[in-house]
Visitor: 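Shown below is the structure under consideration.
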Amino acid sequence: MPREYASEENARVADLLDEIGDLLELKGENVFRAVTYRAAAREIRDLREPIRTIYEAGHLATIPKVGTSVGEAIAQYLQGGKARRHEELKAAVPEGLLTLLRVKGVGPATARSIHQHLRITTIDELEQAAKSGRLRELPKIQAKTEENILKSIASLRQRTGRSLIDYARTAADRMVAHLREAADVRELSVCGSVRRWKETIGDVDLLVASDTAAPIMAAFTGAANVDRILAQGDTKSSVIVERGLQIDLRVVPAASWGAALLYFTGSKEHNVRLRGYALRKKLLLNEYGLYRVGEEKGGVPVASRTEEDIYQALGMDWIPPELREDHGEIDAALAHALPALVTVDDLKGDLHVHSDWTDGRDTLAAMVRRARDKGYAYVAMTDHSVGLGMTNGLNLERIAKRSKEIAKLNQELAPFRVLVGTEVEIRADGRLDYPDDVLAGFEIVTASIHSAFNQPREQITQRLVGAIRHPLVTAISHPTGRLLERRDPYDVDLDAVIDAAVATGTRLEVNGGPERLDLPDWAVRKAVEKGATLVIDSDAHAVEELEWTVYGTATARRGWATADRVGNTRGLDAVLARKVR
DNA sequence: GCCGTTTTCGGCCCGACTGTTTTCAGTCG
């Protein structure tokens with residue numbers, strides 16, 4: 001998972017609790033105990049303030065799933081860097097068993113057995129044992145299992161991590177197109193984390209409604225880009241395609257379409273909460289429908305055909321997939337109080353676009369024309385400032401030349417408006433990369449950090465807050481600096497950043513670049529709650545990248561943002577309105 | 001280990017696929 005927590009300490013505490021969960025299961029203790037530790041880990045990962053703050057206020061018990069034992073482990077860890085429960089378990093469970101769990105197909109029971117009989121504690125040893133045929137001497141393991149373990153180890157080494165959303169969606173779309181062409185499908189949808197627009201994707205899930213599954217399964221596993229077939233059944237198959245991406249396919253009868261779509265879209269936590277709520281109403285929800293308890297075998301479901309039917313039967317409004325994380329959406333749906341989320345069609349313009357004047361790949365005219373063809377009313381050309389040498393940042397002379405080119409385009413394309421903008425670097429010492437008299441010549445200024453990421457929290461925060469308070473700065477771009485799967489965010493006090501943005505009217509960007517998606521969704525939610533104004537931009541460096549606002553919009557939606565919280569859903573007057581001093 | 005409109009004990013979401021089994025445990029999502 002990418003690092004995107006309220007603090008790195010939250011991540012470490014969550015990792016600790018997850019590991020306690022794994023160790024409990026390896027030791028063979030009650031699995032629900034392990035489940036609880038993992039559930040608590042997720043809660044802490046989702047917290048929007050530092051766990052240490054909560055702990056110091058004596059409010060640990062307000063976190064769901066944190067009771068006496070979990071709370072004690074957290075407190076001990078925060079005090080001394082260790083938790084007694086964790087240390088005891090590590091002493092009781094052979095070192096290295098945790099590592100074996102990373103191999104797909106090896107769970108706690110298999111790991112225990114492998115260690116018990118062969119004293120294996122590393123993936124290398126496991127590989128050796130499988131190759132030499134020693135694994136098959138164990139109970140319940142034969143040649144086939146050995147082979148699967150070897151394949152899993154190979155793909156474990158090949159995989160570097162989760163896929164970025166644009167790659168996963170492209171792979172999903174390609175398989176969808178192939179299936180539509182190759183077989184008779186009544187309904188076909190992407191589900192899982194792709195449908196929820198998660199920022200990174202583990203596996204791609206596809207769902208088909210059809211009366212005859214066999215030809216669809218054949219088309220799926222026979223697709224040209226399939227590297228390896230993991231499983232192939234009557235209604236469920238899994239394959240690996242390029243770059244180690246896994247795609248799962250389920251086929252269901254049309255009558256179950258809504259229930260299956262709901263189930264396979266997830267999230268797991270949303271489903272668990274939904275099913276728990278259903279049970280309290282004496283209803284059972286599975287991937288085939290919503291049934292009265294006891295009637296799930298052969299009975300007629302209360303609802304099943306569409307997601308809307310099922311939510312309605314539970315007394316809820318339909319919940320957009322982006323919100324299905326058990327982050328309060330079920331209560332909101334019951335109260336008919338779900339937000340009307342911002343859509344990509346709400347955007348009137350893009351305020352962060354580059355051209356080949358600096359590090360873009362297409363000409364300014366090409367970027368502008370494509371923006372106009374998208375139906376926008378305006379676009380801001382925000383090439384880099386002079387200090388970013390590697391991007392060929394603009395000096396005074398080139399600023400003037402570019403402005404002339406923009407003036408010409410404005411004449412030609414009116415009423416479409418091209419804004420003379422800059423993405424100005426916030427230097428390591430906190431000063432902006434242009435003096436105020438130069439900045440005043442731009443119609444729009446977005447400020448951001450591309451250097452000195454390793455400064456301490458106070459210093460980074462001060463750089464950003466200083467830029468936010470600058471009267472000529474319109475917006476802050478990619479406020480956390482993260483690169484998904486590549487670089488952690490810099491250490492910044494986002495509360496201070498958001499508070500300053502609210503106080504001054506400075507916009508905070510939701511950058512749509514698939515590698516950034518910055519602000520992250522949880523920070524969007526925080527900004528929305530505090531009353532900040534966002535802008536959703538593409539940060540495009542080529543014409544096709546102007547489409548990236550779709551990912552930024554999805555991130556904003558995941559953060560519960562409505563159109564009135566997003567500045568570029570309005571006309572240019574609103575965008576350029578004077579800041580509060 | 002946690003939790004409560006089936007409340008302080010007894011549940012905890014639910015089902016498909018695989019590989020090894022003569023009926024199911026383990027794993028996964």
Side-chain angles (χ1 to χ4, degrees), chain A residues 17 20-21 23-26 28-43 60-74 85 89 100-114 135-136 138-149 151-152 191-193 201-207 213 217 221 229-238 246-252 256 259-260 262-291 293 296-297 315 326 334:
Chain A
L17 296 179
I20 292 177
L23 288 165
L24 284 168
E25 218 170 334
L26 285 169
E29 288 200 28
N30 181 344
V31 293
F32 290 113
R33 222 168 259 166
V35 166
T36 297
Y37 275 97
R38 293 199 191 106
R42 182 177 196 263
E43 294 291 345
L60 276 187
T62 62
I63 303 168
K65 306 295 173 186
V66 177
T68 316
S69 303
V70 177
E72 213 166 79
I74 296 171
R85 190 76 165 106
L89 283 164
L100 299 186
L101 290 185
R102 290 170 49 218
V103 178
K104 211 183 256 294
V106 176
T110 313
R112 272 207 307 272
S113 167
I114 289 171
L135 274 190
R136 73 183 71 170
L138 270 49
K140 302 215 169 192
I141 293 182
Q142 295 292 323
K144 187 75 182 176
T145 303
E146 228 172 43
E147 203 178 298
N148 284 339
I149 285 176
K151 283 179 181 166
S152 290
C191 1
S193 53
I201 305 296
D203 304 329
V204 171
D205 297 293
L206 300 180
L207 183 69
M217 288 302 175
T221 54
I229 299 169
L230 292 178
Q232 182 166 18
D234 291 341
T235 63
K236 180 180 172 180
S237 296
S238 298
Q246 180 173 334
I247 306 184
D248 297 337
L249 173 70
R250 283 287 294 248
V251 179
V252 298
S256 306
L262 184 61
Y263 176 73
F264 291 110
T265 297
S267 68
K268 184 166 176 275
E269 289 75 14
H270 178 84
N271 287 347
V272 167
R273 173 76 58 156
L274 208 56
R275 289 180 176 204
Y277 182 80
L279 275 181
R280 291 206 289 279
K281 300 249 163 201
K282 301 242 194 298
L283 295 166
L284 181 134
L285 179 61
N286 61 25
E287 58 260 58
Y288 300 108
L290 182 68
Y291 299 86
V293 168
E296 61 268 23
K297 297 266 190 292
D326 189 24
L334 281 167

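Lettering follows sequence order; numbering is per chain, from 1.
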Visitor: Closest-nucleotide mapping onto DNA chain B: is A:Asp205 or A:Asp234 further toward the 5' terminus? I mean the 5' end.
Guide: A:Asp234
Visitor: Would you tabulate the pairs of protein nitrogen or oxygen atoms and nucleotide nitrogen or oxygen atoms of nucleotides 3-8 of chain B closer than 3.5 angstrom?
Guide:
| from | atom 1 | to | atom 2 | distance (Å) |
| --- | --- | --- | --- | --- |
| B:dC3 | OP1 | A:Lys65 | N | 2.7 |

Visitor: Please report the distance, rounded to the nearest Å, between OH in A:Tyr263 and P in B:dC28.
Guide: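 Taking OH of A:Tyr263 and P of B:dC28, I get 14 Å after rounding.
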Visitor: Tell me which nucleotide among B:dC17, B:dG1, B:dG19 gets nearest to the side chain of A:Ala231.
Guide: B:dC17
Visitor: Just jot down the side-chain contact (heavy atoms from CB on, under 4.5 Å) partners of A:Ala213, sequence neighbours excluded, or say none.
Guide: A:Val251
Visitor: Can you tell me how far P of B:dC14 sits from CD of A:Glu269, to the nearest Å?
Guide: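 The answer, rounded to whole Å, is 16 Å.
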Visitor: Answer with base, sugar-phosphate or nothing: what part of the nucleic acid does A:Arg136 contact at a heavy-atom distance below 4.0 Å?
Guide: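 Since no nucleic acid heavy atom lies under 4.0 Å of A:Arg136, the category is nothing.
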Visitor: For A:Gln142, check side-chain contact (heavy atoms from CB on, under 4.5 Å) against everything at least two apart and list the hits.
Guide: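 Partners of A:Gln142 by the side-chain contact (heavy atoms from CB on, under 4.5 Å) criterion come out as none, since no residue qualifies.
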Visitor: Base, sugar-phosphate alone, or nothing: which one does A:Arg250 contact when heavy atoms must sit under 4.0 Å apart?
Guide: sugar-phosphate
Visitor: Where the side chain of A:Lys236 is defined as all heavy atoms beyond and including C-beta, which of B:dC13, B:dT20, B:dA16 is the nearest nucleotide?
Guide: B:dA16
Visitor: Once rounded to the nearest 0.5 Å, what's the spacing between atom CG of A:Asp205 and atom CD of A:Gln246?
Guide: 8.5 Å
Visitor: Is any NZ, NE, NH1 or NH2 atom of the basic residue among A:Arg136 and A:Glu146 found under 4.0 Å from an Asp or Glu carboxylate oxygen of the other?
Guide: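 The answer is yes: the pair qualifies as a salt bridge.
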Visitor: Kindly say if A:Ser69 contacts the phosphate of B:dG1, meaning a side-chain N or O under 4.0 Å from OP1 or OP2.
Guide: yes
Visitor: At under 4.0 Å between heavy atoms, what does A:Leu284 touch on the DNA or RNA strands: base, sugar-phosphate, or nothing?
Guide: sugar-phosphate
Visitor: Looking at A:Asn271, I'd like to know whether one of its side-chain N or O atoms comes within less than 4.0 Å of OP1 or OP2 on B:dC13.
Guide: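 Answer is no, no contact under 4.0 Å.
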Visitor: My understanding is that a pair needs two contacts under 3.5 Å, Watson-Crick or G-U wobble. By that rule, which nucleotide pairs with B:dG1?
Guide: B:dC12
Visitor: For A:Ser267, which residues count as a side-chain contact (heavy atoms from CB on, under 4.5 Å) partner, sequence neighbours excluded?
Guide: A:Arg42, A:Arg196, A:Glu269, A:His270, A:Glu325
Visitor: Using a heavy-atom cut-off of 4.0 Å across all strands, would you classify A:Asn30 as base, sugar-phosphate, or nothing?
Guide: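 A:Asn30: base contact, heavy atoms under 4.0 Å.
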Visitor: I need the CZ-P distance between A:Phe32 and B:dC14, as an integer number of Å.
Guide: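 That distance rounds to 11 Å.
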Visitor: Any side-chain N or O of A:Thr145 less than 4.0 Å from the OP1 or OP2 oxygen of B:dT20?
Guide: yes
Visitor: I need the minimum non-hydrogen distance between A:Ser237 and A:Gly233, along with the two atoms involved.
Guide: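 Taking every non-hydrogen atom into account, OG-N, 3.5 Å.
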Visitor: Mind telling me whether B:dT7 is syn or anti, cutoff 90° either side of 0?
Guide: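 Syn.
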Visitor: Check the surroundings of atom CZ in A:Arg273: do more than 12 heavy atoms from other residues, nucleotides or ligands lie under 6.0 Å from it?
Guide: no
Visitor: For residues 278-290 of chain A, which side-chain N or O atoms pair as donor and acceptor with protein atoms under 3.5 Å away, sequence neighbours left out?
Guide:
| from | atom 1 | to | atom 2 | distance (Å) |
| --- | --- | --- | --- | --- |
| A:Asn286 | OD1 | A:Tyr288 | N | 2.8 |
| A:Asn286 | OD1 | A:Gly289 | N | 3.1 |
| A:Glu287 | OE2 | A:Arg250 | NH2 | 3.4 |

Visitor: At under 4.0 Å, does any side-chain N or O of A:Tyr288 touch on OP1 or OP2 of B:dC13?
Guide: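 Looking at the OP1 and OP2 atoms of B:dC13, neither is under 4.0 Å from any side-chain N or O of A:Tyr288.
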Visitor: Compare the minimum distances between each of B:dT20, B:dT18, B:dA16 and the side chain of A:Asn148, then state the nucleotide with the smallest one.
Guide: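 The answer is B:dT18.
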Visitor: So which heavy atom on A:Cys191 is nearest to which on A:Thr265, and how close?
Guide: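 Smallest heavy-atom distance, with atoms named: CB-OG1, 3.4 Å.
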Visitor: To the nearest Å, how far apart are A:Ile141 CD1 and B:dT21 P?
Guide: 11 Å
Visitor: Whole Å only: how far is the CG atom of A:Asp248 from the P atom of B:dG15?
Guide: 19 Å
Visitor: Just checking A:Asn30: does its CG atom have more than 12 heavy atoms from other residues, nucleotides or ligands closer to it than 6.0 angstrom?
Guide: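 It does: A:Asn30 CG has more than 12 such atoms within range.
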Visitor: Between the protein and nucleotides 24-27 of chain B, list the N/O to N/O atom pairs that are separated by less than 3.5 angstrom.
Guide:
| from | atom 1 | to | atom 2 | distance (Å) |
| --- | --- | --- | --- | --- |
| B:dG26 | O3' | A:Thr110 | OG1 | 3.3 |
| B:dT27 | OP1 | A:Gly107 | N | 2.6 |
| B:dT27 | OP1 | A:Gly107 | O | 3.1 |
| B:dT27 | OP1 | A:Thr110 | N | 3.0 |
| B:dT27 | OP1 | A:Thr110 | OG1 | 2.4 |
| B:dT27 | OP2 | A:Pro108 | N | 3.4 |
| B:dT27 | OP2 | A:Ala109 | N | 3.2 |
| B:dT27 | O5' | A:Gly107 | N | 3.4 |

Visitor: Please test A:Ile141 against A:Thr110 for side-chain contact (heavy atoms from CB on, under 4.5 Å), starting from the C-alpha separation and ending with a verdict.
Guide: CA-CA 9 Å; A:Ile141 293 182; A:Thr110 313; 4.2 Å; yes
Visitor: Mind checking A:Ser237 for me? I need base, sugar-phosphate or nothing, with any heavy atom below 4.0 Å counting as a touch.
Guide: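 The residue A:Ser237 makes no contact with any strand.
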Visitor: A:Asp203 CG to B:dC28 C1': how many Å, rounded?
Guide: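 Rounding to the nearest Å, CG of A:Asp203 and C1' of B:dC28 are 10 Å apart.
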Visitor: Without decimals, in angstroms, what is the distance between A:Arg33 CZ and B:dG10 P?
Guide: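 Nearest whole value for this atom pair: 16 Å.
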Visitor: Take the protein atom CD of A:Glu287 and the nucleotide atom P of B:dC14, then report the distance between them rounded to whole Å.
Guide: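 In whole Å, B:dC14 P and A:Glu287 CD are 11 Å from each other.
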